[in-house]
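This structure is a prediction, so every number in the text was calculated from the model and none was measured.
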Protein chains: 2
Amino acid sequence: MQRSVSTFRLKAACSNCNLRELCLPVDLSIDEMQQMDDLSRLKRGYARGDYLYRSGDKFQSLFAIHSGSFKTQALHEDGREQVTGFQMYGEIIGLDAICTDHHTCEAVALENSEVCELPFNKLEALSRKLPSLQRHLHKIMSREIVRDQGIMLLLGSMRAEERLAVFLLNLSQRFAARGLSQTQFQLRMSRQEIGSYLGLKLETVSRAFSNFQESDLISVKARAVELLDLPGLHSLVGKQL
Amino acid sequence: MQRSVSTFRLKAACSNCNLRELCLPVDLSIDEMQQMDDLSRLKRGYARGDYLYRSGDKFQSLFAIHSGSFKTQALHEDGREQVTGFQMYGEIIGLDAICTDHHTCEAVALENSEVCELPFNKLEALSRKLPSLQRHLHKIMSREIVRDQGIMLLLGSMRAEERLAVFLLNLSQRFAARGLSQTQFQLRMSRQEIGSYLGLKLETVSRAFSNFQESDLISVKARAVELLDLPGLHSLVGKQL
DNA sequence: CGCCGGATTGAAGGTACTCAATCCGTGTGG
DNA sequence: CCACACGGATTGAGTACCTTCAATCCGGCG
């Protein structure tokens, strides 16, 4: 059992499923990687608008997004629904369901996407054998908690334009982490969905986009966005009360 | 190794640390319970205002609150801070730190409290041996994610009075789960802290309290609260938009 | 061409914020 | 013992920001 495999090899090993969050930091032997690969063999395609899971579905698996992107949204008893996150390829989805054995929100494909299913029982069994996988699984869950707390901060104390700036900079960073342009990208979601995520009405989102364009911070045409002044956007965050 | 130990025995076994969240649902043998007890042997006291940990502290352990209560708050770069949660005895705290190996928020005692320290390395090692503990740990983390998403919903789409009603009903439920009165209790936190948690200013919180009292939904005097009309409070949630 | 959904823009209104004064309970010192 | 100071809580008035409602625009598609 040889350890200290290069990150490069690991990427290759997990090639059947782009498990950016799940694989990369884990330091596994060839044999162990083979086990990971076995685990993530099920890959399925979803068309835009398809549900990956719905609220109330029995929990069986986590899902690693291999290509495309999703939104997750929570449904309130009174009919209100709120987007709780946008996930792109390389991210893990479905962690909310572990605690009740049933999904508490629903996941919808924002574009044609491919997803690897990770049966959670098998994942737990494997992580009992591989401490580095175990730790990594814990880190993924912890990161989700931290991410959510960041959004709580945003929703609880930021003004509309700050929220949108944070949102755009976050997207930018995630595109950059995938080797894509950090300044030019296509939004996969509607103004309505952005608003739901940021706790704003779609008109407010639209106005904020227009204001940013007016200030030469961004260029926006429908869902095509270009960030023209990253420092300017950054300085917008945390300005006022 | 005998399994299927009664819940009652489990409670007793974990008596040195009231690990409501961590122990109760786990179905362990006597020997395994002993290992849990060994794990949670370190118990420390904290006075009102003491920090359990600060933002940036190296991550070593999770903490199980044995008595008393805490608040956790996140610090923004620009100096803003926001309360991300109130924890009472029986709850686990510190999950945010796993992903970066450093605490991303700080925990402050709201009253004199006792806390069991759970060294995370040992917890992970033990959970590799005990699948039921492993699953339980995952559930705790998942529950934290679901809880945070509930707050996102609250912050993103509820009006001030709805937020306060949700807050009071949540407290009520947690007191009830501990065998305390679900209608009469002492708040451990200031209006300012409630406001920070709910994304409101302290004046708004105060006004909402007064309005509830005016409507005979609650009786409130400083930090002493009595819920007079639970159904009324429930019906307030999810009313409008 | 005309429809449709999504996006933009405008005007009016409402909710929560800001600023400021007052109140209240507790603890301190004369 | 009372006076006073202090922090937390309450209440009021004016304002800012976001929402609401409504009209218009734009691009894609039948």
Side-chain angles (χ1 to χ4, degrees), chain A residues 48-49 71 80 82-83 108 110-111 154-168 186-215 217-226 236-241, chain B residues 48-49 71 80 82-83 108 110-111 154-168 186-215 217-226 236-241:
Chain A
R48 173 192 170 86
K71 68 170 176 179
R80 264 185 296 209
Q82 172 149 356
V83 174
V108 185
L110 293 174
E111 59 190 316
L154 177 147
L155 292 172
S157 68
M158 290 191 185
R159 318 172 69 263
E161 295 196 352
E162 274 184 280
R163 298 185 195 188
L164 188 61
V166 169
F167 173 71
L168 290 172
Q186 284 281 333
L187 299 175
R188 301 301 182 187
M189 66 295 281
S190 69
R191 300 290 189 266
Q192 154 73 40
E193 286 164 336
I194 296 172
S196 172
Y197 180 60
L198 298 179
L200 302 168
K201 293 296 154 184
L202 68 96
E203 296 94 329
T204 308
V205 173
S206 182
R207 275 183 244 273
F209 269 120
S210 300
N211 292 343
F212 283 175
Q213 184 154 239
E214 188 62 29
S215 313
L217 290 167
I218 69 171
S219 154
V220 57
K221 173 119 178 151
R223 298 196 180 180
V225 174
E226 181 173 9
L236 229 166
V237 180
K239 261 296 173 53
Q240 48 224 352
L241 258 243
Chain B
R48 174 191 168 86
K71 67 170 176 179
R80 263 185 298 208
Q82 172 149 356
V83 173
V108 185
L110 293 175
E111 59 190 316
L154 178 146
L155 293 172
S157 67
M158 290 190 185
R159 317 174 69 266
E161 296 198 351
E162 273 185 281
R163 297 186 197 189
L164 188 62
V166 168
F167 173 71
L168 291 172
Q186 284 281 332
L187 300 175
R188 302 299 182 189
M189 65 295 282
S190 68
R191 301 288 189 265
Q192 154 73 40
E193 287 164 334
I194 296 173
S196 172
Y197 180 60
L198 298 179
L200 302 169
K201 294 295 155 186
L202 67 95
E203 296 95 329
T204 307
V205 173
S206 182
R207 276 183 242 273
F209 269 121
S210 300
N211 291 343
F212 283 175
Q213 184 154 239
E214 188 61 30
S215 313
L217 290 167
I218 69 172
S219 154
V220 58
K221 175 121 176 147
R223 298 195 180 181
V225 174
E226 180 174 8
L236 231 167
V237 180
K239 256 302 172 47
Q240 51 223 352
L241 244 242

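The nearest whole Å value for the distance from the CG atom in Asn211(B) to the P atom in dT10(D) is 11 Å. Following rounding to the nearest Å, Ile194(A) (CD1) and dA7(C) (C1') show an atom-to-atom distance of 11 Å. Atom CZ in Arg48(B) sits roughly 11 Å away from atom C1' in dG7(D) (whole-Å rounding). Here dG14(C) presents its P atom at 16 Å from CD of Glu161(B), a figure rounded to the nearest Å. Spacing between atom CG of Leu187(A) and atom P of dG6(C) amounts to 15 Å, rounded to whole angstrom units. Following rounding to the nearest Å, Leu200(A) (CG) and dT20(D) (P) show an atom-to-atom distance of 11 Å. Residue Met158(A) contributes atom CE, which lies 16 Å from atom P of dC17(C) at whole-angstrom precision. Counting to the nearest Å, the C1' atom of dT9(C) and the CD atom of Glu214(A) are 13 Å from each other.
Shortest non-hydrogen contact noted between Gln186(A) and Ala224(A) is NE2-CB, 3.4 Å. Summarising the geometry of Arg80(A) relative to Ser157(B), their closest heavy-atom pair is NH1-O, 2.9 Å, with the distance given to 0.1 Å.
Between Ile194(A) and Leu187(A) the shortest side-chain heavy-atom distance falls below 4.5 Å. Taking 4.5 Å as the limit, some side-chain heavy atom of Leu155(B) sits within range of a side-chain heavy atom of Arg163(B). Between Val205(B) and Tyr197(B) the shortest side-chain heavy-atom distance does not fall below 4.5 Å. A heavy-atom distance below 4.5 Å is not found between the side chains of Phe212(B) and Val225(B). The shortest distance between side-chain heavy atoms of Val108(B) and Glu193(B) does not fall below 4.5 Å.
Contact check of residues 202-210 of chain B against DNA chain D (heavy atom, cut-off under 4.0 Å) returns Leu202(B), Glu203(B), Ser206(B), Arg207(B), Ser210(B).
Here the side chain of Ser219(B) pairs no donor or acceptor atom with the backbone of Glu226(B) at under 3.5 angstrom. For the pair Ser215(B) (side chain) and Asn211(B) (backbone), a donor-acceptor distance under 3.5 Å is present.
A residue-by-residue look at Lys221(B) and Ala160(A) shows that Lys221(B) has its nearest nucleotide of DNA chain D further toward the 5' end.
Each end of the helix from dC1(C)-dG30(D) to dG30(C)-dC1(D) gets its own axis, taken as the rotation carrying the C1' atoms of four end pairs onto the next four within a five-pair window, and the two axes meet at 10° to the nearest 10 degrees.
In this structure, Gly199(B) reaches the sugar-phosphate backbone alone: every heavy-atom distance under 4.0 Å involves primed, P, OP1 or OP2 atoms, never a base.
In this structure, Arg223(A) does not reach the dG27(D) phosphate: none of its side-chain N or O atoms is under 4.0 Å from OP1 or OP2.
Counting only heavy atoms from C-beta on, Arg159(B) has its side chain closest to dA16(C) among dG6(C), dC18(D), dA16(C).
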